[in-house]
Amino acid sequence: MAPPARLLLAALAATGFAPQVAPAPQRIRGVNLGGWLVLERWITPSIFKDGWDDDGWGFSSYNPDSVAADQWNFCTRLGPEECSKRLEAHWDSWVTEADVATLADAGITHLRVPMGYWIMGDVQEGEPYVTGDLQYLMRLGAWAGRYQMQVWVDLHAAPGSQNGFDNSGRYGNATWALDSVNVDRSVQVLGDFAQHVSDEGYGDIFTGVGLLNEPKTGSNLMTLTDFYERAYAAVRTHLPDAAVFVGDSFNPSDFNWFWAHGAPKVESPREGATTPNPLAQATAGRAFLDTHIYHVFTPALRELEPADQIHRVCNGEKDWIDQCCWDDGKPTELGRIVGEWTAAFDQAPSEELENLPLTDLTPARRSFLKDFVKAQMVLYEQPETKKGALVESLEITGWFFWNFKMELEQYREWNYLEGLRRGWIPKLPKDRTDKRLASQLFGSCENIHAGVVANAKNLEGVVNPYPPPQPTDDDVTPIAPDAPIPDVPTAAYTMLWVVTSLGLLGAALIGIAMYKYGLLPFERMNYETIKDPPASGAGEGKFLDI
């Protein structure tokens with residue numbers, strides 16, 4: 001059993017721990033602590049080196065049953081005792097107080113922590129997961145308090161897997177929504193965690209809870225939104241002032257109706273609940289739709305030239321985020337955040353990429369990376385914009401970069417700490433009283449784009465897509481930098497049957513309803529769609545996480 005957080009807090013107090021109340025930030029500026037409590041081989045490959053095989057990499061790609069490396073198979077192969085031993089060492093070392101201090105000094109205000117459903121000890125017969133990670137998460141909370149930061153947890157791994165990615169704990173089929181027991185267990189762990197945080201007096205540090213990371217596109221939308229309602233109530237019962245965020249399933253427009261007039265009001269049964277410190281006030285009590293944006297997972301976007309990459313951010317990604325949340329032309333009560341994005345833009349993670357020679361990090365590439373990062377920071381902190389009385393673009397309350405660090409140099413552009421050290425990620429004001437937005441620090445997105453256009457000659461050769469572009473037919477039109485990502489139907493025969501049986505009008509009406517409520521298995525060709533899973537464990541990276 002994990003020691004109570006108050007004991008960890010007492011131990012830190014003996015070494016001079018003294019949490020301070022900080023002014024509220026203007027926006028969320030955060031990083032993800034990926035690969036820590038939920039394993040991802042491409043982030044921390046060293047932990048998968050088992051030392052038993054001749055090459056020492058028994059977990060590096062696929063096991064003999066063609067199942068990708070993930071936490072389920074890691075613990076299955078090692079057994080509970082050895083798995084626990086290795087994970088304890090990993091939990092203790094992957095995230096350090098020095099990392100937290102460096103991030104705080106660079107202006108980071110929030111830490112997003114992916115966690116598994118086993119965090120509170122719910123491991124049932126036949127499940128290989130081991131527990132013990134809760135105490136390390138609470139230790140992080142104590143460090144965050146020391147450096148005036150907030151922690152937002154996110155249920156990344158749900159029972160049955162909500163997306164089939166390795167970051168859900170188990171690569172393969174996504175069966176979470178197919179069994180109500182899975183959904184019930186997910187609600188329970190979120191409520192139990194919120195109660196634990198409240199009981200331990202950490203409500204002013206753990207100020208945000210993500211209900212489910214990247215639920216699979218095509219999941220039954222009503223099952224998902226019903227879960228969101230129940231999980232929201234479970235969290236707010238114990239943490240009435242916590243910010244709650246929900247995944248958009250890579251289809252933000254599906255959520256325009258959801259919580260349009262505010263999330264449900266939940267009365268806390270606990271008397272004397274304290275108000276979070278001022279650092280949390282900017283988002284306290286709010287609900288957000290969480291969008292994840294990566295150019296690197298869409299082949300057409302990987303190939304864009306530097307100026308077009310920035311143009312895509314300033315226009316295409318802006319329009320993508322603005323697909324939600326509206327009600328009759330007015331913003332709804334559901335806020336917007338970008339829970340994952342990165343500096344990598346042209347090289348998709350894979351085991352093959354890891355085995356290639358490192359590309360040169362030229363001055364030109366570093367220069368573009370810095371502009372690419374700045375442009376995204378500017379967009380993801382944008383205030384609401386109006387034209388007259390009409391709202392043109394929604395407020396975006398902030399962002400979380402993926403990831404805080406990586407083991408491999410091949411993934412240096414995913415590494416926030418490395419980017420700080422090497423200059424392509426700018427330091428932000430650490431003074432919490434500094435209310436300037438990124439646009440006030442770096443200029444508008446359009447101005448950043450203009451600078452890249454003016455520097456185009458010096459940026460020639462910067463884009464080096466991997467996998468290399470495939471030959472296309474002459475009549476295929478390349479994607480425009482601000483073009484919407486098209487929908488790709490995978491249920492043509494379903495619609496053909498409906499058309500034949502009911503006629504065009506009936507088919508149209510039923511098709512719209514089926515799509516809206518997640519009953520039609522459409523597959524959207526956007527950032528996370530996987531058409532042909534690769535024959536390697538790292539796979540397409542953040543389709544394996546993110």
Side-chain angles (χ1 to χ4, degrees), residues 29-36 39-49 60 93-96 98-100 102-103 105-108 111-112 114 167 292-297 301-302 304 306 309-310 313 340-377 399-428 452 459 461-468 527 536-546:
R29 292 171 174 168
V31 297
N32 285 276
L33 304 187
W36 184 36
L39 297 181
E40 297 185 42
R41 193 213 67 85
W42 72 295
I43 296 176
T44 57
S46 65
I47 194 174
F48 287 91
K49 187 172 183 179
S60 64
S93 60
W94 180 234
V95 177
T96 69
D99 294 333
V100 174
T102 300
L103 292 166
D105 186 64
I108 293 298
L111 304 171
R112 179 174 179 257
N167 63 74
H292 299 172
I293 293 179
Y294 297 94
H295 287 194
V296 74
F297 296 116
L301 299 185
R302 286 198 295 266
L304 294 178
Q309 292 279 356
I310 303 296
V313 170
E340 295 182 18
W341 63 280
T342 197
F345 65 96
D346 63 346
Q347 299 198 335
S350 70
E351 193 169 14
E352 292 76 17
L353 178 66
E354 294 168 14
N355 292 323
L356 293 177
L358 277 173
T359 56
D360 291 336
L361 190 61
T362 63
R365 189 172 180 94
R366 284 199 301 271
S367 173
F368 173 68
L369 285 172
K370 193 166 188 177
D371 285 330
F372 189 56
V373 166
K374 287 180 178 179
Q376 292 187 83
M377 287 180 174
W399 48 264
F400 293 87
F401 184 95
W402 191 282
N403 193 31
F404 82 114
K405 68 181 178 184
M406 308 286 289
E407 279 190 347
L408 296 182
E409 178 71 5
Q410 285 87 344
Y411 300 132
R412 60 200 170 199
E413 292 168 10
W414 297 84
N415 188 330
Y416 200 91
L417 289 169
E418 188 70 8
L420 286 172
R421 284 191 289 268
R422 299 170 75 167
W424 67 78
I425 293 181
K427 289 188 68 172
L428 301 165
V452 173
L459 296 176
V462 161
V463 178
N464 182 26
Y466 187 86
Y527 306 102
S536 66
E540 285 284 303
K542 283 300 281 184
F543 83 63
L544 288 182
D545 162 81
I546 289 192

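None of the values given here were measured: they were computed from a predicted structure. Residue indices begin at 1 and follow the sequence shown.
By the neighbour-count criterion of 12 heavy atoms within 6.0 Å, atom CG of D360 is sparsely surrounded, having that number or fewer from other residues, nucleotides or ligands.
Using bins of under 30°, 30° to 60° and over 60° for the plane-to-plane angle, the ring pair F401/W341 lands in the perpendicular bin. In this pair, F372 and F368 present their aromatic rings parallel. The plane angle is below 30°, not in the 30 to 60° band.
Across every non-hydrogen atom of I43 and G35, the tightest pair is CD1-N, 3.8 Å. When every heavy atom of V452 is checked against every heavy atom of P306, the shortest pair comes out as CG1-C, 3.8 Å. For K370 against G423, the heavy-atom pair with the smallest separation is CD-O, 3.4 Å. Shortest non-hydrogen contact noted between E413 and W424 is CA-CZ2, 4.1 Å. For the pair I108 and G30, the tightest heavy-atom approach, listed with the atom from each and the gap, is CG2-CA, 4.0 Å. Residues R366 and L361 share a closest heavy-atom pair of NH1-O, 2.9 Å.
A distance-only check finds no donor-acceptor pair linking the side chain of Q347 to the backbone of R302 [under 3.5 Å]. No donor-acceptor distance shorter than 3.5 angstrom exists from the side chain of N403 to the backbone of W414, with no hydrogens or angles considered.
Annotation: the span from F345 atom CZ to Q376 atom CD amounts to 11.0 Å, rounded to 0.5 Å. Summarising the geometry, atom OH belonging to Y416 is positioned 12.0 Å from atom CG belonging to N32; distances are rounded to the nearest 0.5 Å. Atom-to-atom distance recorded for F48:CZ and E40:CD is 9.0 Å, nearest 0.5 angstrom. Note that CG of L39 and OG1 of T44 are 5.5 Å apart. Values are rounded to the nearest 0.5 Å. To the nearest 0.5 Å, atom CZ of residue R365 and atom CG of residue L369 are 5.5 Å apart. Of the inter-residue distances, the one linking E407 atom CD with R41 atom CZ reads 9.5 Å to the nearest 0.5 angstrom.
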Going through the distances and angles, do L111 and V31 end up as a side-chain contact (heavy atoms from CB on, under 4.5 Å)? CA-CA 5 Å; L111 304 171; V31 297; 3.8 Å; yes
What verdict does the side-chain contact (heavy atoms from CB on, under 4.5 Å) test give for Q410 and L356, after you've listed the backbone C-alpha separation in whole Å, the side-chain angles of each residue and the deciding distance to 0.1 Å? CA-CA 9 Å; Q410 285 87 344; L356 293 177; over 6 Å; no
For a side-chain contact (heavy atoms from CB on, under 4.5 Å) check, start with the C-alpha distance between V95 and F404, then their side-chain angles and the critical distance, and finish with the verdict. CA-CA 9 Å; V95 177; F404 82 114; 3.7 Å; yes
Chi angles and distances behind the side-chain contact (heavy atoms from CB on, under 4.5 Å) call for Y466, T359: CA-CA 11 Å; Y466 187 86; T359 56; over 6 Å; no
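Under 3.5 Å, the side chains of T102 and D105 contain no donor-acceptor pair of N or O atoms.
Counting only heavy atoms from C-beta outward, the side chains of L353 and W42 never approach each other to under 4.5 Å. L304 is not listed as a side-chain neighbour of V463, based on a closest heavy-atom distance of 4.5 Å or more. E354 is not listed as a side-chain neighbour of P45, based on a closest heavy-atom distance of 4.5 Å or more. Between Q309 and D371, the closest side-chain pair of non-hydrogen atoms is not below 4.5 Å. Side-chain contact between D99 and W94: absent, with no pair of heavy atoms (C-beta onward) separated by less than 4.5 Å. No side-chain heavy atom of Y411 sits less than 4.5 Å from a side-chain heavy atom of E418.
Looking at R112 and E340, a side-chain N of the basic residue comes within less than 4.0 Å of a carboxylate O on the acidic one, giving a salt bridge.
Every residue meeting the side chain to side chain contact (heavy atoms under 4.5 Å, CB included) condition with A375, not counting sequence neighbours, appears here in chain and number order: I310, V313, C445, I448. Taking T362 as the reference, nothing meets the side-chain hydrogen bond (donor to acceptor under 3.5 Å, both in side chains) condition, with sequence neighbours excluded.
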